[in-house]
Protein chains: 2
Amino acid sequence: MEIESRAQAFEDALRRVGVRITRQRAALLRVLADAEDHPDATQLHQRAMAAGAGVSLATVYRTLAALETQGVIQKLEFEGEPARFEPADGNHHDHMIDVETGEVMEFVNERIERLQAEIAAEMGYEIVRHRLELYVRRRR
Amino acid sequence: MEIESRAQAFEDALRRVGVRITRQRAALLRVLADAEDHPDATQLHQRAMAAGAGVSLATVYRTLAALETQGVIQKLEFEGEPARFEPADGNHHDHMIDVETGEVMEFVNERIERLQAEIAAEMGYEIVRHRLELYVRRRR
DNA sequence: ATAAATGCAAATGATTTGCAGGCTC
DNA sequence: GAGCCTGCAAATCATTTGCATTTAT
């Protein structure tokens, strides 16, 4: 009741705000809940299709937009590639991208978070959201 | 000999690596050198045109690509907008974007820079480049 | 002279949208 | 049953590219 419940939780969250759960949306939610990586719209489409669900790419995009609005998923826009998506598991984190392999890793650093807030405050602003990406290479 | 020399410095840097300075490139370099903000390709095109230089948008893009390759300018890809460009003045900095006005501000924080390097190192990587953007709102 | 740069228009790639018919609540 | 959803194809938007022509060096 781990993986299973994640897709379920997504459905519940959506139903709560009046979003209809169609066959294609249910399929996408399952694919998203199962994703260990950070897939883009096309990959999600392919996975849903591979899972036997008939979905159009247009619907994938429309559903992803709705899910993001509802805060169920997070859209990631890395440099020079199509947008990727990840389930929003509540706890914020930043990303590290291996420029050689394309692998995406997650990390959190409280000190950096704090420093960011301080910098903004010093200039008279408050942070709405931020984006921190480290493009890295494995050390020899 | 301040503003004037910046565009000049750009030209010299390009000539040095064998890039030809055409009428349209000279115009773009001038527009870039004078930019106080962070304009996108279309804006740069308009400014060059307004300055009396006939340039096609295609050439603007091609020139910007060349300038970026030569390290003369820096390309900025903020969320959901066309890429912007800024002259590369050597010293690295990050960006803060006022989500209300769209204004872009620059800042540097040594501690954050250091922390980033540490995080990468801890995971066995070295930073190739990074991107830190604070989307902020003015405090009341 | 010659290789590089330009302009135009057509191509690309990701994402969005209008509309007619379907399906969930 | 009513209205949100879907699929499809066409439209958008930013950016890139092929090709014939110009131009800097």
Do the charged groups of A/E126 and B/R139 touch, with an N to O distance under 4.0 Å? no
Pairs: protein N or O with nucleotides 22-24 of chain D N or O, under 3.5 Å:
| unit_1 | atom_1 | unit_2 | atom_2 | d |
| --- | --- | --- | --- | --- |
| D/dA24 | N3 | B/R20 | NH1 | 3.2 |

From CZ of A/R16 over to P of C/dC25, roughly how many Å is that when rounded to an integer? 15 Å
note: B/E11, atom CD; D/dT25, atom C1'; distance rounded to Å ~ 14 Å
Flag the pair A/L132 / A/F107 as yes when at least one side-chain heavy-atom distance between them is below 4.5 Å, and no otherwise. yes
Round to a whole Å and report the spacing from CG of B/L44 to C1' of D/dT15. 14 Å
Taking only Lys NZ, Arg NE, NH1 and NH2, and the carboxylate oxygens of Asp or Glu, determine whether B/E79 and A/R129 approach each other closer than 4.0 Å. yes
Just checking, is any N or O donor in the side chain of B/H38 or B/E106 under 3.5 Å from an acceptor N or O on the other one? yes
Watson-Crick and G-U pairing of DNA chain D written in dot-bracket, each distance under 3.5 angstrom, with | for inter-strand partners: ||||||||||.|||.||||||||||
Less than 6.0 angstrom separating the ring centers of B/H130 and B/H92, yes or no? yes
Test salt bridge (Lys or Arg N to Asp or Glu O under 4.0 Å) applied to A/R138 - qualifying residues, sequence neighbours left out: none
Rounding to an integer number of angstrom, what distance separates C/dA11 and C/dG7 when you compare their C1' atoms? 16 Å
Contact residues, residues 52-88 of chain A to DNA chain C [heavy atom, < 4.0 Å]: A/A58, A/Y61, A/R62, A/P82, A/A83
Can you tell me how far CD1 of A/I21 sits from CG of A/L14, rounded to the nearest 0.5 angstrom? 4.5 Å
Would you be so kind as to tabulate the donor-acceptor pairs closer than 3.5 Å made by side chains of residues 46-56 of chain B, with sequence neighbours excluded?
| unit_1 | atom_1 | unit_2 | atom_2 | d |
| --- | --- | --- | --- | --- |
| B/R47 | NH1 | B/D37 | OD1 | 3.1 |
| B/R47 | NH2 | B/D37 | OD2 | 2.7 |
| B/S56 | OG | B/T59 | N | 3.2 |
| B/S56 | OG | B/T59 | OG1 | 3.2 |

Side chains of B/E86 and B/H95, donor plus acceptor under 3.5 Å: yes
Other than B/L76, what residues sit in its cluster of Ile, Leu, Val, Met, Phe, Trp and Tyr side chains whose heavy atoms are under 4.5 Å apart, directly or through others? A/V128, B/F78, B/I97, B/V99, B/V104, B/Y135
